[in-house]
Participant: 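Here it is, the structure, as structure tokens.
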Amino acid sequence: MAEPGRGRVAGKVAIVTGAGQVPGPGVGTGKATALLLARHGAAVVLVDNTPDRAEVTRKEIEQAGGRAVVVAGDVTVAADCERFTQAALDAFGRLDILVNNVGVSRPGSVLDTAEDTWDDLLRINLKSVYQVSRFAIPAMAATGGGSIVNISSIGALRAIGFAAYSAAKGGMISLSQEMAAAHGPLGVRVNVVVPGSVRTPRTQGAAERLGQDLGEIQKTAASVLPLGAVTHGTGWDVGYAALFFASDESSWISGQVLATDGGASVTLPAVAGLRLGGGR
Ligand SMILES: NC(=O)c1ccc[n+]([C@@H]2O[C@H](COP(=O)([O-])OP(=O)(O)OC[C@H]3O[C@@H](n4cnc5c(N)ncnc54)[C@H](O)[C@@H]3O)[C@@H](O)[C@H]2O)c1
């Protein structure tokens, strides 16, 4: 599958969490990342708590001549997280790349976020990074190191009306810096991709559930985003940023944050039209 000039991660083994996507038009960030890693020569472990979704990704990878396996599991369950790394070692003999892509969002300020919702969002979005990484890092270190890519959100940098989600996604940046410092000596790099509001099947579904018109939201975004008038973000934009951090092209880069947001993070203030950022 790795054509000449397309082997940016050739010979490497990757885990992508949330590598499926909800049914619908467009591509999710995890699926896009998995497809790009495979297209560029990596063997990929596709993790999802709804494995049928990851099966769709696996079939697309295999039809294109790539290698992938599906592992059913929940990133909030420690025993499952241990299995993800073991699956990479069992299927492909090593682990070089981990993309922590799973994320779930709910709108709400501190005043209207119930405590169990707060706990859920912190567990799924932030604790999961700790949980998956603590098994992946020793496996990467055993073969000289690797690259961890954490998928955060514009909510980490700007208020978007999702208090718990944004707190978790901001915590992901702090945690990534700690991990970059602590595990760099083992050869493990840790970087963060910060998507703005990107068009994925999940955001289309979220708009429908909230009774919002995605076309109108995108028009609002286009009016304030530097690149909004010429392009909309998709899962591919996030996938290409993750591919860069996963590849040796970024081998001297660690602890960094790359906003993939059409310029949203340099425009103020945060706008209501971006409030779908973050998925369901
Ligand atoms: N879509 C956006 O506009 C946007 C904006 C900013 C950040 N993000 C971030 O991008 C990432 C992916 O978003 P998306 O909308 O493409 O993905 P998505 O919501 O479609 O989820 C991808 C997959 O994750 C799986 N999943 C959910 N919870 C899981 C769990 N606990 N364990 C294992 N698998 C689980 C789902 O089954 C799904 O197949 C998230 O971290 C999200 O916060 C998205």
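Position 1 is the first residue of the sequence, and the numbers go up from there. Because the structure is a prediction, the values reported are computed rather than measured. Just so you know, these numbers use all the heavy atoms, side chains as well, and skip hydrogens, waters and symmetry mates. Every number for a ligand or one of its atoms is a count from 1 in the order of the listing.
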Participant: Under 4.0 Å from ligand 1, counting heavy atoms only, is it the side chain of Ser152, its backbone, both or neither?
Facilitator: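 The backbone, only.
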Participant: If only atom types and distance count, is the side chain of Ser133 paired as donor or acceptor with the main-chain N or O of Tyr130 below 3.5 Å?
Facilitator: no
Participant: Looking only at heavy atoms, what is the nearest atom pair of Tyr165 and Asn125, with distance?
Facilitator: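 Nearest pair, atom of Tyr165 first, then Asn125: CD1-ND2, 3.8 Å.
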Participant: Regarding Arg158 and Ser265, is there a side-chain donor-to-acceptor distance under 3.5 Å anywhere?
Facilitator: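 No - no donor-acceptor pair under 3.5 Å links their side chains.
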Participant: Determine whether the side chain, the backbone, both or neither of Asp74 has a heavy atom under 4.0 Å from any heavy atom of ligand 1.
Facilitator: both
Participant: Assess whether a salt bridge exists between Asp248 and Lys12, defined as any Lys/Arg side-chain N lying under 4.0 Å from an Asp/Glu carboxylate O.
Facilitator: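 Answer for the salt bridge query: yes.
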Participant: Counting only heavy atoms, which portion of Thr203 has something under 4.0 Å from ligand 1: side chain, backbone, both, or neither?
Facilitator: side chain
Participant: Please check whether Ser153 reaches ligand 1 - meaning an N/O of the residue sits under 3.5 Å from an N/O of the ligand, judged on distance alone.
Facilitator: no
Participant: For ligand 1, find out whether one of its N or O atoms is nearer than 3.5 Å to an N or O atom of Gly28.
Facilitator: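 By distance alone, the answer is no.
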Participant: Which atoms of ligand 1 sit under 4.0 Å from any heavy atom of Thr200?
Facilitator: 1 (N), 15 (O), 16 (O)
Participant: Does Arg67 pair with Glu62 as a salt bridge, N-O distance under 4.0 Å?
Facilitator: no
Participant: Which option out of Arg202, Lys31, Met172 puts a heavy atom nearest to atom 20 (O) of ligand 1?
Facilitator: Arg202
Participant: Taking distance alone, with N or O pairs closer than 3.5 Å, would you say Val104 contacts ligand 1?
Facilitator: no
Participant: If the cut-off is 4.0 Å to any non-hydrogen atom of Val198, which atoms of ligand 1 fall inside it?
Facilitator: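 Matching atoms, with element in brackets: 1 (N), 2 (C), 3 (O), 4 (C).
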Participant: Looking at residues at least two apart in the chain, or sitting in another chain, which of them share a salt bridge (charged side-chain N to carboxylate O under 4.0 Å, His left out) with Arg134?
Facilitator: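 So Arg134 forms no salt bridge (charged side-chain N to carboxylate O under 4.0 Å, His left out) with any residue.
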Participant: Does an N or O from Arg53, backbone or side chain, lie closer than 3.5 Å to an N or O of ligand 1?
Facilitator: yes
Participant: Could you see which bit of Lys169 sits under 4.0 Å from ligand 1, with heavy atoms only: side chain, backbone, both or neither?
Facilitator: side chain
Participant: Please list, in number order, the atoms of ligand 1 under 4.0 Å from a heavy atom of Tyr165.
Facilitator: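 Those atoms are 6 (C), 7 (C), 8 (N), 42 (C), 43 (O).
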Participant: Within the 4.0 Å heavy-atom shell around Gly73, which atoms of ligand 1 are there?
Facilitator: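 It comes down to these atoms of ligand 1: 32 (N), 33 (C).
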Participant: Check whether Ser166 reaches the backbone of Ala163 with its side chain - one donor and one acceptor, N or O, closer than 3.5 Å.
Facilitator: no
Participant: Please identify which atoms of ligand 1 are closer than 4.0 Å to at least one heavy atom of Thr50.
Facilitator: 37 (O)
Participant: So for ligand 1, is Thr76 a polar contact partner (N or O within less than 3.5 Å, distance only)?
Facilitator: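 N/O-N/O distance under 3.5 Å: no.
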Participant: Answer yes if the side chains of Asp74 and Thr76 hold a donor-acceptor pair under 3.5 Å, and no otherwise.
Facilitator: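 Their side chains do contain a donor-acceptor pair, which is all the 3.5 Å distance test asks for.
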Participant: Check each heavy atom of Asn101 against ligand 1 and say whether those closer than 4.0 Å belong to the side chain, the backbone, both or neither.
Facilitator: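 Asn101 to ligand 1: contacts from backbone and side chain alike.
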